[in-house]
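Chain naming here is simple, since letters A, B, ... match the order of the sequence lines and numbering starts at 1 in each. Note that the structure is a prediction, hence the values are computed from the model and not measured.
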There are 2 protein chains.
Amino acid sequence: MTNRKVVSFENIKVACKNCSLSTLCLPMGLSSEDVERLDSIIKRGRPYHRGDHLYRGGDKFQSLRVITSGSVKTYSPNEDGGEQVLGFHLPGELIGLDAIQDDHHNCSAVALETTAVCEVPFSQLESLSSLMPSLQHQMYRLLSREIGQETEMLTLLGKKSAEERLATFLLSFSERFKQRGFSPSDFFLSMSRHEIGNYLGLAVETVSRLFTRFQDEGLLHVERKHVQLQDLPRLYDIVQGADSIKSTQSRG
Amino acid sequence: MTNRKVVSFENIKVACKNCSLSTLCLPMGLSSEDVERLDSIIKRGRPYHRGDHLYRGGDKFQSLRVITSGSVKTYSPNEDGGEQVLGFHLPGELIGLDAIQDDHHNCSAVALETTAVCEVPFSQLESLSSLMPSLQHQMYRLLSREIGQETEMLTLLGKKSAEERLATFLLSFSERFKQRGFSPSDFFLSMSRHEIGNYLGLAVETVSRLFTRFQDEGLLHVERKHVQLQDLPRLYDIVQGADSIKSTQSRG
DNA sequence: AGATAATCTTGATCAGGATCAAGTCATTTA
DNA sequence: TAAATGACTTGATCCTGATCAAGATTATCT
């Protein structure tokens, strides 16, 4: 070890270079010196508890946030008092990108369970990205990826049946858990049925009925928030708009 | 003529500094020197005709494009041969941002009428933005704004009634035409009813019926693609989820 | 111009999923 | 441990908007 850097901050537990999430997060593709420069602007606060807000719509935008553990729901309050759930975010994911445009948050973010985040002061990140082309490039990519993800969601909400929506939702978590080294077929969902429904543009009752139906059909086992996917291929078929459950196994 | 090379005047008639769209477009907020540097990398090709593709899903991503006249539809082909319309784009709007993430286009863009665009080679733009913090900032803002716009669309598709969707659609055009110095209440829509329906997650027939109903209710006059909005305040009421048409004027 | 093909409108019927209503199960609190 | 509260499930009914079908209008082509 040539570099013996003494760090004086008291609450730093994790540095980017040691963080298992670096391949999903901002440092992706950065050289190790660059990672250190990035690391130097990142703040790590104490964890949020279930229900705590990371920020609320209208707050001044200061920092992007990367979830490091736990999970977060983002939502925007709509006119009539209700809310639209915009996304569920897992470790390694960046939130707050939508706030860059006008320097304040347009939506709110709330912890769904005990959650830790890295805060990245945006003005510093911006300055740094001017000096580091690879960081700038990574920022462009991340912003663009966010657009692409929302585009997929538009297709989901515009065209897909309830069944396709829930299957897509479940497989999205399956893939994201897998990326993070967890089981792609056995996991806990940290959000309520109500929140799932809101996110997918469905009523709670529909979500509940679909879980039951998927279970009856042997696609999965579900008990409260614990989901075990038992037939990934058929779930993928459903996502692709293949025949509905009924016809898939008609007269076996 | 000092210049012996004969240049098609399509190619040279606009420079950023003279372009009326600069307040909507990339140069927004740039100093005049910076605008010139930006201008130097921008290519202006000959116009596209109705139905011509600017790019298709799968194409290698080279350039962002700014519409300078006409209009463009972006869409992504989905599994079953159909398409999902992602947006309609007017002069001053930037398309292709979703392609940055993995260097190729995920969706297609087609001219809805005779359309001119500026092409902005992305790798050059990226280099330039490293040298020009104000350009970098503008890029972040534009990307972020795109995310915010898609977020609004998610809310539209997730929660709104057919009536609210069409009213929102019409007012979006109203506002965008107004921004561009055109009438906010008298304009031509360049896309078909089918495309409107696809974009809004509605069947063609529903769109057609809504136009008829809106007209019957005195909200607008419509004849084919020519729309005249006659009661903007009530359209805004509808967007906000206020009472539907029927109850708004019950027992007038 | 006349023929043909799209596009759009209108009407009739259908169905997916919302809403309403009730009951069950889990978790928290006292 | 019981009561209270909130989350989830299940059933019955309703309604919005899809689909099917036909006709009208407009655009395209030779």
Side-chain angles (χ1 to χ4, degrees), chain A residues 49-51 73 80 82 84-85 112-113 156-169 188-217 220-227 238 241 243-247, chain B residues 49-51 73 80 82-85 112-114 156-169 188-217 220-227 238 241 243-247:
Chain A
H49 299 110
R50 179 180 170 74
K73 170 182 82 169
D80 51 333
Q84 168 71 43
V85 174
L112 291 169
E113 60 195 303
L156 187 79
L157 293 177
K159 296 270 169 313
K160 306 277 186 161
S161 69
E163 204 172 59
E164 290 169 285
R165 294 184 197 191
L166 187 63
T168 304
F169 173 81
F188 285 79
L189 295 172
S190 55
M191 74 298 295
S192 70
R193 299 286 190 269
H194 180 86
E195 289 165 325
I196 296 172
N198 185 304
Y199 177 60
L200 296 177
L202 300 172
V204 201
E205 295 93 329
T206 304
V207 174
S208 182
R209 274 185 254 270
L210 283 170
F211 269 119
T212 304
R213 215 163 92 204
F214 281 5
Q215 181 163 254
D216 291 348
E217 299 298 335
L220 52 77
H221 178 78
V222 60
E223 198 183 334
R224 297 284 283 181
K225 302 199 183 291
H226 185 192
V227 176
I238 291 176
D243 296 333
S244 72
I245 293 173
K246 280 163 214 151
S247 50
Chain B
H49 299 110
R50 177 179 171 74
K73 171 183 82 168
D80 51 332
E83 66 183 48
Q84 168 72 43
V85 174
L112 291 169
E113 59 194 304
T114 301
L156 188 80
L157 294 176
K159 296 270 171 313
K160 307 277 187 163
S161 69
E163 204 172 58
E164 291 170 283
R165 293 184 198 191
L166 186 63
T168 303
F169 173 80
F188 285 79
L189 295 172
S190 55
M191 72 298 295
S192 71
R193 299 285 190 269
H194 180 85
E195 289 165 323
I196 296 173
N198 185 305
Y199 177 59
L200 297 176
L202 300 172
V204 201
E205 295 94 329
T206 303
V207 174
S208 182
R209 274 184 255 269
L210 283 170
F211 269 119
T212 305
R213 214 163 93 204
F214 280 5
Q215 180 163 255
D216 291 347
E217 300 297 337
L220 52 76
H221 178 78
V222 61
E223 198 183 335
R224 295 287 284 181
K225 302 199 183 292
H226 185 191
V227 177
I238 291 175
D243 296 333
S244 73
I245 292 173
K246 280 165 212 150
S247 51

**Student:** Please name the pair of heavy atoms, one in A:Val227 and one in A:Phe211, separated by the smallest distance, quoted to 0.1 Å.
**Tutor:** CG2-CE2, 4.4 Å
**Student:** What is the distance, rounded to the nearest whole Å, between atom NE2 of B:His194 and atom P of D:dT19?
**Tutor:** 11 Å
**Student:** Just compare D:dA18, C:dG17, C:dC8 and give me whichever is closest to any side-chain atom of B:Arg224.
**Tutor:** C:dC8
**Student:** Before you tell me yes or no, could you show the steps for A:Leu156 and A:Leu200 under side-chain contact (heavy atoms from CB on, under 4.5 Å), namely the whole-Å CA-CA distance, both residues' side-chain angles and the distance that decides it to 0.1 Å?
**Tutor:** CA-CA 8 Å; A:Leu156 187 79; A:Leu200 296 177; 3.8 Å; yes
**Student:** Please give me the minimum heavy-atom distance between B:Ala162 and B:Leu202, naming the atom from each residue.
**Tutor:** CB-CD2, 3.7 Å
**Student:** Please tell me if A:Thr206 has a side-chain N or O lying less than 4.0 Å from either OP1 or OP2 of C:dG17.
**Tutor:** no
**Student:** Measure the distance from CG on A:Leu200 to C1' on C:dG16 and round it to the nearest whole Å.
**Tutor:** 16 Å
**Student:** Looking at A:Glu205 and C:dC20, is any side-chain donor or acceptor paired with a base atom of the opposite kind under 3.5 Å?
**Tutor:** yes
**Student:** Rounding to an integer number of Å, can you tell me how far B:Lys160 NZ sits from C:dA18 C1'?
**Tutor:** 18 Å
**Student:** Whole angstroms only, please: what is the CZ-C1' distance between B:Arg50 and C:dA6?
**Tutor:** 11 Å
**Student:** Round to a whole Å and report the spacing from CD of A:Glu223 to C1' of D:dA7.
**Tutor:** 14 Å
**Student:** For a quick check of understanding: with a heavy-atom distance under 4.0 Å over all strands, which category does B:Gly201 fall into, base, sugar-phosphate or nothing?
**Tutor:** sugar-phosphate
**Student:** Reckon A:Lys225 has a side-chain N or O less than 4.0 Å from the OP1 or OP2 of D:dA7?
**Tutor:** no
**Student:** So what does A:Ala203 hit on the nucleic acid, given a heavy-atom distance under 4.0 Å: a base, only sugar-phosphate, or nothing?
**Tutor:** base
**Student:** Going by an N to O cut-off under 4.0 Å, is there a salt bridge joining A:Lys225 and A:Glu113?
**Tutor:** no
**Student:** C:dA18 P sits how many Å from A:Ile196 CD1, rounded?
**Tutor:** 14 Å
**Student:** Out of D:dT9, D:dT10, C:dT10, which has the shortest distance to the side chain of A:Arg193?
**Tutor:** D:dT9
**Student:** Take the protein atom CG of B:Leu112 and the nucleotide atom C1' of C:dT7, then report the distance between them rounded to whole Å.
**Tutor:** 15 Å
**Student:** Need one value for A:Lys159: base, sugar-phosphate or nothing, where a base atom within 4.0 Å counts as base even if backbone is also close, heavy atoms only.
**Tutor:** nothing
**Student:** May I have the distance from B:Leu166 (atom CG) to D:dG17 (atom P), rounded to whole angstrom?
**Tutor:** 12 Å
**Student:** Taking it one step at a time, do A:Ile238 and A:Leu166 satisfy side-chain contact (heavy atoms from CB on, under 4.5 Å)?
**Tutor:** CA-CA 9 Å; A:Ile238 291 176; A:Leu166 187 63; over 6 Å; no
**Student:** Examine D:dT10: is either OP1 or OP2 under 4.0 Å from a nitrogen or oxygen in the side chain of A:Ser208? Give yes or no.
**Tutor:** no
**Student:** What's the closest nucleotide to the side chain of B:Arg209 if the choices are D:dA18, C:dT19, D:dT19?
**Tutor:** D:dT19
